[in-house]
Amino acid sequence: MINGKTSVFGLLGNPVEHTLSPFIHNLLYEETQYNGTYNPFFVPTGQLEYAVKAIKGLSLKGLNVTVPYKIDVMSYLDYIDPVAKRIGACNTINVEADELVGYNTDWLGLKKSCDYEGIQLDGQHCVVIGAGGSARAVAMMCYYSNAASIRIVNRTIEKAEQICRYVNEAKAEDCNDRCEVTFGALESQKHLETQSILFQTTSVGMHPHYDATPLDHVFAESERPDYASLFKQVAAVIDIIYNPKETLTMRLAKEHGVKAVNGLGMLFFQAVCAFEIWTGILLEQEQLERALKKLEIHVYGQETDR
Ligand code: NAP
């Protein structure tokens with residue numbers, strides 16, 4: 001029940017109609033008995049600065065930021081967490097000692113989702129398909145998880161090269177020569193030389209394109225896709241798309257005996273991480289399990305078999 005002591009949170013974006021974030025944060029309030037409310041705020045083009053200024057003006061406790069403002073918002077913040085700076089995008093704003101501090105919980109959410117699913121990245125070879133906004137957080141997550149190598153492949157090779165450069169800059173700053181980072185065209189991934197974890201970060205396969213997969217681009221139109229030999233070297237697939245529940249990429253992986261998870265866990269855990277930053281409250285494992293099950297039932301009508 002909202003009252004005079006309710007802490008107000010929200011999401012800045014354009015559009016915001018279809019966001020699942022209020023539902024997720026309400027689950028977290030329910031689990032922790034926290035007196036909070038989470039509201040989607042539609043920010044018209046050109047109004048971002050005023051929306052950010054309202055945080056202090058209205059004593060909001062914290063905000064999430066989504067498309068198309070994750071990069072632009074950084075110019076209105078007082079301080080940016082070093083990892084968010086490396087990723088080049090903020091999706092969470094916290095008020096700390098009267099300063100607006102920007103974080104990126106997308107990478108943390110994905111990391112927690114991998115942990116939750118029992119997918120270990122430490123010492124593993126990671127392949128990131130796609131080089132859009134989310135791929136940079138995914139590649140940085142692989143780096144911070146001590147992956148042995150990261151290969152970024154994309155239709156537009158220049159964008160893959162750019163992400164490769166960002167991760168290599170982080171490596172140089174950290175004097176870290178352990179993780180080999182390379183890039184290439186999608187077609188370069190016909191065969192994986194070593195057992196790898198595949199992150200699918202393109203928008204290919206998203207609702208309503210159920211029969212599309214970026215793996216189609218790996219094989220030339222004239223050749224018969226050899227998924228059996230491709231998946232022989234894949235330890236797990238994480239497709240960050242969460243609608244549909246199972247993309248064609250995931251289905252192909254499962255047909256070849258490879259574990260495949262979708263992006264709902266990433267979405268859920270990025271919200272959990274934002275909640276933790278804002279409130280300092282850490283959820284217990286049972287609370288997380290219960291809330292994630294409720295989210296799966298809300299979105300898919302059933303919970304996921306693990
Ligand atoms: P984005 O910045 O628009 O990037 C799109 C990516 O998809 C680019 O790499 C693009 O390649 C590739 N792509 C698009 N159409 C293609 C096609 N026909 N063939 C091959 N590649 C194609 O998008 P984003 O923000 O990174 O989001 C990507 C996906 O991640 C979306 O489905 C989004 O819903 C999902 N996502 C999920 C979460 C989560 O919490 N689970 C969070 C963020 C995003 P080019 O560079 O060649 O154009």
Side-chain angles (χ1 to χ4, degrees), residues 11 13-21 23-25 64-72 84 87-92 103-114 116-117 119 127-141 151-164 166 183-189 198-221 237-250 260-274 292 295-296 299-300 304:
L11 171 70
N14 179 351
V16 287
E17 285 92 348
H18 301 295
T19 177
L20 282 169
S21 293
F23 187 86
I24 300 175
H25 282 273
N64 280 136
V65 184
T66 188
V67 178
Y69 298 127
K70 288 187 190 185
I71 298 171
D72 292 352
I87 292 169
C90 285
N91 76 325
T92 301
Y103 294 91
N104 186 304
T105 65
D106 286 330
W107 78 276
L108 267 177
L110 182 58
K111 169 98 187 86
K112 287 203 178 204
S113 174
C114 288
Y116 190 84
E117 299 288 348
I119 299 171
V127 175
V128 180
I129 302 178
S134 54
R136 194 160 151 182
V138 174
M140 229 27 117
M141 187 280 300
R151 179 155 179 84
I152 303 138
V153 292
N154 193 41
R155 177 178 62 176
T156 312
I157 195 162
E158 294 78 15
K159 283 162 76 178
E161 182 179 15
Q162 202 177 51
I163 296 185
C164 179
Y166 291 135
F183 68 93
L186 268 173
E187 308 84 90
S188 64
Q189 286 318 130
L198 217 62
F199 290 90
Q200 194 309 103
T201 78
T202 75
S203 45
V204 183
M206 226 169 106
H207 169 81
H209 304 290
Y210 302 116
D211 56 357
T213 168
L215 298 180
D216 281 348
H217 297 268
V218 170
F219 302 98
E221 264 175 42
V237 169
I238 297 98
D239 192 327
I240 71 165
I241 291 175
Y242 54 85
N243 181 14
K245 181 180 183 188
E246 188 174 274
T247 60
L248 177 56
T249 310
M250 291 173 63
V261 301
N262 70 22
L264 194 69
M266 174 179 176
L267 183 75
F268 172 74
F269 284 105
Q270 67 74 27
V272 170
C273 293
L292 183 53
L295 174 65
E296 287 168 348
V299 179
Y300 304 128
T304 299

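Counting starts at 1 for both ligands and their atoms, in listed order.
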**Student:** Can you tell if the side chain of Leu198 reaches within under 4.5 Å of the side chain of Ile129, non-hydrogen atoms only?
**Tutor:** yes
**Student:** Report yes or no: does Thr156 contribute a side-chain atom to a donor-acceptor pair with the main-chain N or O of Glu158 at less than 3.5 Å?
**Tutor:** no
**Student:** So which of Asn104, Asn91, Thr92 actually passes side chain to side chain donor-acceptor pair (under 3.5 Å) with Gln270?
**Tutor:** Asn91
**Student:** Would Tyr300 and Asn262 satisfy side chain to side chain donor-acceptor pair (under 3.5 Å), going step by step from the backbone distance to the final call?
**Tutor:** CA-CA 12 Å; Tyr300 304 128; Asn262 70 22; 3.1 Å; yes
**Student:** Could you check whether Arg151 makes a cation-pi contact with Phe183, meaning its NZ or CZ is under 6.0 Å from the centre of the six-membered ring and within 45° of the ring axis?
**Tutor:** no
**Student:** Residues around ligand 1, heavy atom under 4.0 Å from any ligand atom, sorted by chain and number. Can you pull those?
**Tutor:** Gly130, Ala131, Gly132, Gly133, Ser134, Asn154, Arg155, Thr156, Lys159, Thr201, Thr202, Ser203, Val204, Met206, His217, Ile240, Ile241, Tyr242, Gly263, Met266, Leu267
**Student:** Side chain to side chain donor-acceptor pair (under 3.5 Å) between Thr249 and Gln200: does it pass, once the steps are laid out?
**Tutor:** CA-CA 8 Å; Thr249 310; Gln200 194 309 103; 5.1 Å; no
